[in-house]
Amino acid sequence: MIHLEGITRTFQVGDQPVHALVDVTETIAEGEHVAIMGPSGSGKSTLLNIVGCLDRPTSGSYRLNGRDVGVLEEAELTNVRRHEIGFVFQFFHLIPRLTAAENVELPMIFAGLPKAERRRRVTTSLDAVGLSARIGHHPDQLSGGERQRVALARATVMQPQILLADEPTGNLDSQSGRAVLDLLDEMNDAGLTLIVVTHDPKVAHRADRIVVLVDGRIERRVRGDQIGEILAMLAEEDEG
Amino acid sequence: MKASEIFKFAAKSLTGHSLRTALSLLGVTIGVAAVVILTALGEGARLYVVNQFASLGTNLLIVIPGYTETSGSFGYGGVPNDLTLDDAQAIARLVPAARRVAPISMANDEVAYHERRRQVAVLGTTPEYREARQLDIARGEFLPAEEVHRGSPVVILGDKTARELFGGVEPVGKIVRVAGWRMRVVGVLAKQGVKMGMDFDDIAIVPVATAMQLFNQNSLFRILVQAHAYSDLELAKDEVRQLLIDRHDEEDITVITQDAVLSTFNAVLGALTLAVGAIAAISLSVAGIGIMNVMLVSVSERTKEIGLLKALGVGRRQILAAFLTEAALISSAGGLVGLGLGWLAVRVLVRLYPALPASPPTWAVVAALVISVGVGVTFGLLPARRATRLDPIAALAGR
Ligand SMILES: Nc1ncnc2c1ncn2[C@@H]1O[C@H](COP(=O)(O)OP(=O)(O)OP(=O)(O)O)[C@@H](O)[C@H]1O
Ligand SMILES: [Mg+2]
């Protein structure tokens, strides 16, 4: 369970403070599927980074599975990222010199898993994203959709509880985007907590809940199927 | 995570960027090869000089007529007494530390065989001279053992003198004229080259008494004294000096040790090798800066990768280890290749100049390897630390 209480994140740009997040309080239950929407610069990525322990809040508390993340040392945060959280990025971030299999194997290597276990998991994970046939391909030999599916296999191969995706379909055509989203839904159905940052209503529509950020504050919470309201609100926001 | 896994990951990222890797490899290779070649040359020069001295004979004292305070310039302090054959015999008899004593008389004169004649150094001495100076005989024998004052009419020719006078004819047993006197050739020296400013290839050696008669000399040119061991040298020097002072009633001789000259040379050349090694070490440091640059480029090119690793839960230490391993791999590989190249170059050098016993000293080889890896890791540290300190979010965004 993710519990955010009064989270504020302020960046200092010169002598000008930028309030990326202001007093964000939110609870996300295990196995939930949450979409984060909002205009550009509203703090979506900042929020995701804090949840993913890549960034720390300026103030407020973040409890992950009952544990206060704010007091953890760097090494412990590394451990949390390794075992409890998976990331998927808009730009895939595959390492070009490594094959699909090696990219998926990477987190397991650094986590010290034995070779046999790694090989087994690489096969299952790539199988799960439908890329068994591409196991020895390098990223530049894969389509965008295939690359994101490799990234998805890599993000889940350590069997995390939470998957964070920042614009996972932002660089994909609608067809391969749909394939990725289907996979995400599938994993969520299997119990994975899923948090997706997106501009795309079709992506947000699949979520249980949509959280809307505006200027670093949570402006609205609605059910996924109430996407229409959000769209209207965001349109209003753009005018205003 | 096992070290072998870090190793594999580092190796893969090196082979994945082959041009960059090759360039920094080249830097270390050149640095290490430079250390090997330069120190080999320095060491070769040192050994060359030491060998030259050793071939002159070791543990030698040289007695020179005339007293001089410093052994640098031989200015006479008054008219010295003659340095005589009796002095030489007295040293042989009364100085226990003296193993061999060879009186020497010297002049330049003509040696002739039929119409062929040649101006050479004529050296008068005793059979002991051969051992003391380590002269090799090519044919025949050296001076006969005889009473020092006797002086039989025999001569030993230098290699070149024999060839010039006799051409293809066997010289041993023939009669030549030395300064107009008939003498029988009993031996020919093997080729010796120049030792201590003396050309032993163009020389005629006769018994010392013969030479003194020939040239009408009363005083010896030198007395060569060989001590039993290096440790006896100072003692022998004092005893010889004291004995001659007693016999002459004044200090009108100078005794110098050849080893003093040798050890000075040795020290100078040792310092030279060290200096050369230091220069080479500097070139290694330059190679290290090369590594640092390459690693810095590597880190900034791979910013996104580092950000990704952090997001995947790879720890700082692991990232540090991976980048340091890369640096160590480059530098040790470069070190080994440089060692091989340097060794090859030295082999070629020795082929070309066989007289120079060039070979890299072990300390230099070990130091080159240790320094190259050390340099790689040290200079790899800065970029590696930079990698670990990258903010993952900024790194992922490529900032
Ligand atoms: N490292 C930083 N230093 C300074 N300001 C930052 C930093 N990161 C984010 N910000 C600022 O914080 C605010 C929120 O940024 P964030 O990246 O979270 O927005 P976002 O909602 O993800 O936008 P987008 O939809 O364009 O990705 C922005 O005003 C941004 O300029
Ligand atoms: Mg964003």
Side-chain angles (χ1 to χ4, degrees), chain A residues 9 11 20 45-50 52-56 73-99 102-115 118 138-139 151 154-158 160 163-167, chain B residues 1-22 294 297-326 329-330 384-385 387-399:
Chain A
R9 179 68 170 100
F11 294 103
S45 296
T46 305
L47 184 59
L48 205 67
N49 289 334
I50 286 176
C53 297
L54 283 176
D55 194 11
R56 290 176 191 267
E73 307 243 325
E74 176 65 28
E76 293 168 308
L77 284 182
T78 297
N79 222 31
V80 170
R81 288 202 293 267
R82 174 181 296 174
H83 293 288
E84 298 178 36
I85 292 161
F87 275 102
V88 176
F89 309 96
Q90 180 176 357
F91 298 103
F92 325 134
H93 289 307
L94 297 179
I95 296 182
R97 62 172 183 278
L98 302 182
T99 62
E102 288 166 338
N103 267 289
V104 174
E105 194 185 7
L106 199 59
M108 296 188 286
I109 289 181
F110 282 95
L113 266 60
K115 182 141 193 129
R118 297 201 309 253
H138 282 86
R154 182 181 61 193
T156 51
V157 78
M158 287 296 293
L163 186 70
L164 306 177
D166 199 343
E167 305 274 12
Chain B
M1 172 182 198
K2 278 188 265 156
S4 63
E5 304 284 2
I6 297 236
F7 190 86
K8 260 190 234 159
F9 181 77
K12 203 164 258 167
S13 67
L14 285 177
T15 49
H17 301 90
S18 41
L19 179 65
R20 198 168 64 201
T21 305
V294 168
V297 170
S298 173
V299 168
S300 58
E301 258 182 28
R302 283 157 68 192
T303 308
K304 281 187 188 166
E305 177 182 327
I306 294 160
L308 170 80
L309 290 178
K310 291 196 160 185
L312 291 179
V314 177
R316 283 184 180 207
R317 279 166 173 233
Q318 291 179 315
I319 292 174
L320 188 76
F323 275 86
L324 279 186
T325 304
E326 271 186 40
L329 268 178
I330 290 185
R385 285 170 69 102
T388 64
R389 290 197 178 143
L390 285 177
D391 169 23
I393 302 161
L396 277 169
R399 272 184 269 140

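In what follows, every chain begins at residue 1, and chains take the letters A, B, ... in the order their sequences are listed.
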(request) Work out which heavy atom in B:Gly313 is nearest to a heavy atom in A:Thr78; give both atom names and the distance. (result) O-CG2, 3.3 Å

(message) Could you check whether any side-chain heavy atom of A:His93 comes within less than 4.5 Å of a side-chain heavy atom of B:Leu396, counting everything from C-beta outward?
(response) yes

(message) Under 4.5 Å from any heavy atom of chain B, what part of A:Phe91 do you find: side chain, backbone, both or neither?
(response) neither

(message) Can you tell me which of A:Leu94, A:Asn49, A:Val80, A:Thr46 forms the most heavy-atom pairs within a distance under 4.5 Å of chain B?
(response) A:Asn49

With a cut-off of 3.5 Å and sequence neighbours excluded, list every side-chain donor-acceptor pair involving residues 102-115 of chain A.
unit_1	atom_1	unit_2	atom_2	d
A:Glu102	OE1	A:Thr99	N	2.9
A:Glu102	OE1	A:Thr99	OG1	3.3
A:Glu102	OE2	B:Lys12	NZ	2.6
A:Asn103	OD1	A:Ile95	N	2.8
A:Asn103	ND2	A:Ile95	O	3.1
A:Asn103	ND2	A:Leu98	O	3.1
A:Asn103	ND2	A:Thr99	O	3.2
A:Glu105	OE2	A:Arg118	NE	2.8
A:Glu105	OE2	A:Arg118	NH2	3.2

(message) Taking CZ in B:Arg385 as the centre, count heavy atoms belonging to other residues, nucleotides or ligands within less than 6.0 Å. Is the count above 12?
(response) no

(request) Please look at B:Arg302 and chain A and tell me whether the side chain, the backbone, both or neither of the residue comes under 4.5 angstrom of a heavy atom of that chain. (result) side chain

(message) For B:Thr15, which atoms come within 4.5 Å of any heavy atom of chain A: side chain, backbone, both, or neither?
(response) neither

(request) Sort A:Arg97 into side chain, backbone, both or neither according to what part of it lies under 4.5 angstrom from a heavy atom of chain B. (result) side chain

(message) What's the separation between atom CZ in A:Arg154 and atom CG in B:Leu308, rounded to the nearest 0.5 Å?
(response) 4.0 Å

(message) Quick check for you: among B:Gly307, B:Gly315, B:Ala311, which has the greatest number of heavy-atom pairs under 4.5 Å with chain A?
(response) B:Ala311

(message) Atom CZ of residue position A:Arg56 - does it have more than 12 heavy atoms of other residues, nucleotides or ligands inside 6.0 Å?
(response) yes

(message) Please determine whether the number of non-hydrogen atoms from other residues, nucleotides or ligands lying under 6.0 Å from atom CD of A:Glu73 exceeds 12.
(response) no

